[in-house]
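First up is the structure itself, then whatever we jot down about it.
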Amino acid sequence: MEQPVPPDHPGRVTNRHHRRVGRALAPYLLSLPSGLWLLLLFLVPLVLMLSLSLKTCSPSTGACVMAWHWGEFSSEMSLYHQEFITSLYFAAASTVVDLIISFPIAYWIAFYGGRRKNFFLLMLLVPFFVSFVIRTIVWEFVLSNNGVILGALKHIHLLPSGFHILGTSYAVMAGLAYNYLPFTALPLYVALERIDRRVLEAAYDLYATKRVGFMKVIMPLAVPGIFAAFLLTFIPMFGDYVNQEILGGTSNTMIGTVIQNQFLVTLDYAGGASLSAILLVVALLGIFLYARLLGSRTIEQYL
Amino acid sequence: MSEEFKVFAEGGGVDPSFWRGLTEQRFSRRGLMKAAGAGAGASLLLSSGAGATALPNKNVGTAKWWAKQKLHHTVNFANWPLYIDVLNGKHLSLQHFTQTTKIKVNYFEVIQDNASFYAKIRPSLAAGQSTGYDIVVMTNNNPELGYLMQNGWLVPLDHKLMTNFNKYAGPLIKSPSWDPGNKYTMAWQSGWTSVAYNAKHVKNPGDSIQILFDKKYAGKIGMLSDPFELGSAGLLAIGVEPFSSTEKDWAKAAKKLQTQRSDGLVAAYYDQSYIQHLKNGDTVVSQCYSGDIFQANLNSKYKDLVLMVPKEGLMLWTDNMCIPLYAQNPLDAMELMDFYYSPMTQAVVEYYNDYICPVPSAKQQLLHPTGWDAAALKAMAPSIGLATSVTADSPSVFPTPDRVKLSKDYYPFKNQEEINAWNNLFLPIIQGA
């Protein structure tokens, strides 16, 4: 097999200067596509959104004028801080529910899935081939007052007739937990799957019980995966509005709903953009904390 | 070779600072100044375009302009869903129009609500281009119709081409407060926003809008999520005419609605879905749109739903046909709009629609059809499933004088500040956490 020639090999003198420039440029040229991608589809929209939040826009003509209106952030926060808190609470609670549900699933597939691991993973994902909105609307039927479940339970008098779930915070959290389950299960699976079984065997050889092996070997090695799963689930849930729109009631508005209304109902683009910016800052804070606690490398492995 | 480039070339290999460089923006001072200058120039242009200069429709819609227009035998009509006669997926009234005028109609049911539809056509209008529609239908109880007028984005109508309108238009929609002299608009249909209740659960409903604030029905009261409908109901409830209300009144109304909410009276703030919740018993009293209740009653299952005529008043809204500026076929559009003011056409539309008819004489036409409408009404009868006289006698379609007297107009917003003030009062009630 041909070995790559070291760049400073004395045998290679032709075109030396030319090659040196080429070598120096290579990494930049190679990263150009992804750099352009980041610039055009991430940085530019981000800057546009941030600048939009400082402008004053006319809902009538759609014209926006830069006003450096920093007060927009505080006035939006004073109006809608409660919705932020609700969103934080719903997203955190539903993420914890997802972790509790998907840990055993991921654990079982990773350790006992055998040859059929891929099949089980596929089964986990099959419901998610259906559109997000349709899945949520189906939940509306499942949870409705006289639907399949509540109707039957009421019929046999296990529940009082006035009992309802639709419109409550529990309905929203159930919808969130259901819709984002794969975002938790897959990173957890990756984390558990890559645990070196020899380490576990070594623990058993040293007379660790199954319980101790789980607590002292598997859990610590799974922690970065759990954090990644938490972040990957929590952040999109935080800005979600579909679940609240379809399953929620009057007292559980999430910040995503407010932003959606500002863009589509009141045509208040500046207000919507500034709330989105605040949402983004909170999400970035989460990632920053993660990177600080666990290092920035670990998150990449689960994406 | 630029200064920066040299640094890279000499560094060689993948330097960590390169990756930082990718994620950090580096501005030169001059570049920044240039960008700021360009921005300032752009904003200046915008502000002068919106303010001082003449409206873009200055020379449009004059007699001279209309004289130059020609028929193109096609018209693009954007309307709300389920708002025109339907038989087996076809619209008989539109078919008849095409037969008699040889104008082909492309009918689009694309308007779900005023704001989002306006946001879709606004960029075209702001850029001075056709929206693709020759007729759009906008409601007077939302700010968007006003925006279209203020920005000069509508074509002033040619009153010479409004023979049917001038002859048959009813007093409720002729020269209305939101468009004096029908300069830009002709009504498509109107309706009332009022209160409906379920007679099975509500005994002694009375005749007051205060029923929406009755603790007896706590948790079973439905309100509308449209801030203009919600606010207007609040104003009626504190005994103020919405049309002539002041910002002080709005604050009082908002307080009343906030209390209604915090006392747990409201089940939820609904869009069009309120009717579903009223039907399945989630709510027993609800804000409602008149036509929905009439249509629900046609099903024997929902005979118990009753439209109340509160003594405080009924909010009268109207969906208005208008021609957006830069429309390709304005003359064809005028033909179509006036065609819908023929009593025969309205009889066919109303037999399906059940909203307030802009042409009162369509009532006689429903009872004794005389022309092409006879065949159309007969063809539709099996699918509608009720006699044309039921539609003709409905006070929700052909309002009785007492209902006309109780009909109230919405507040006419004078500027954006007022709209913002209204939204800031009533939106937090709807979307409060």
Report summary line: Minimal heavy-atom distance between A:Val265 and B:Ala115, with the atoms involved, is O-CB, 3.3 Å
Query raised in the report: From B:Tyr147 OH over to A:Thr61 OG1, what is the distance, rounded to the nearest 0.5 angstrom?
Result: 9.5 Å
Query - Proximity breakdown for B:Asp282 and chain A, heavy-atom pairs closer than 4.5 Å - result: side chain
Query raised in the report: Taking only residues two or more places apart in sequence, or in another chain, which ones meet B:Tyr302 in a side chain to side chain contact (heavy atoms under 4.5 Å, CB included)?
Result: B:Lys279, B:Ala296, B:Asn299, B:Leu305
**Report entry** Engaged part of A:Ser87 at the chain B interface, taking heavy atoms whose separation is under 4.5 Å
**Finding:** neither
**Report entry** B:Gln431 versus A:Glu83, closest heavy-atom pair with distance
**Finding:** O-OE2, 2.8 Å
Report summary line: Taken to the nearest 0.5 Å, the spacing of B:Ser273 OG from A:Ile246 CD1 works out to 11.0 Å
Query raised in the report: Does A:His155 NE2 have over 12 foreign heavy atoms under 6.0 Å away?
Result: no
Query raised in the report: Near A:Phe73 CZ, under 6.0 Å, is it more than 12 heavy atoms from other residues, nucleotides or ligands?
Result: yes
Query - Sorted by number, residues from residues 266-278 of chain A in contact with chain B (heavy atoms, under 4.5 Å) - result: A:Thr266, A:Leu267, A:Tyr269
Query raised in the report: Can you name the residues that form a ring-ring contact (aromatic ring centres under 6.0 Å, His included) with A:Phe238, not counting sequence neighbours?
Result: A:Phe234
Query raised in the report: Quick one: CG on A:Leu264 to CG on B:Asp113, what's the gap to the nearest 0.5 Å?
Result: 8.0 Å
Requested in this report: With a 4.5 angstrom heavy-atom cut-off, could you sort out which part of A:Tyr80 is near chain B: side chain, backbone, both or neither?
Outcome: side chain
**Report entry** Residues of residues 118-131 of chain B with any heavy atom under 4.5 Å of a heavy atom in chain A
**Finding:** B:Tyr118, B:Ala119, B:Arg122, B:Ala126
Query raised in the report: Can you tell if the side chain of A:Ser58 reaches within under 4.5 Å of the side chain of B:Gln416, non-hydrogen atoms only?
Result: no
**Report entry** Backbone N/O of A:Ser60 and side chain of B:Asn151: donor-acceptor pair under 3.5 Å
**Finding:** yes
**Report entry** B:Leu427 portion near chain A, given a 4.5 angstrom heavy-atom threshold
**Finding:** side chain
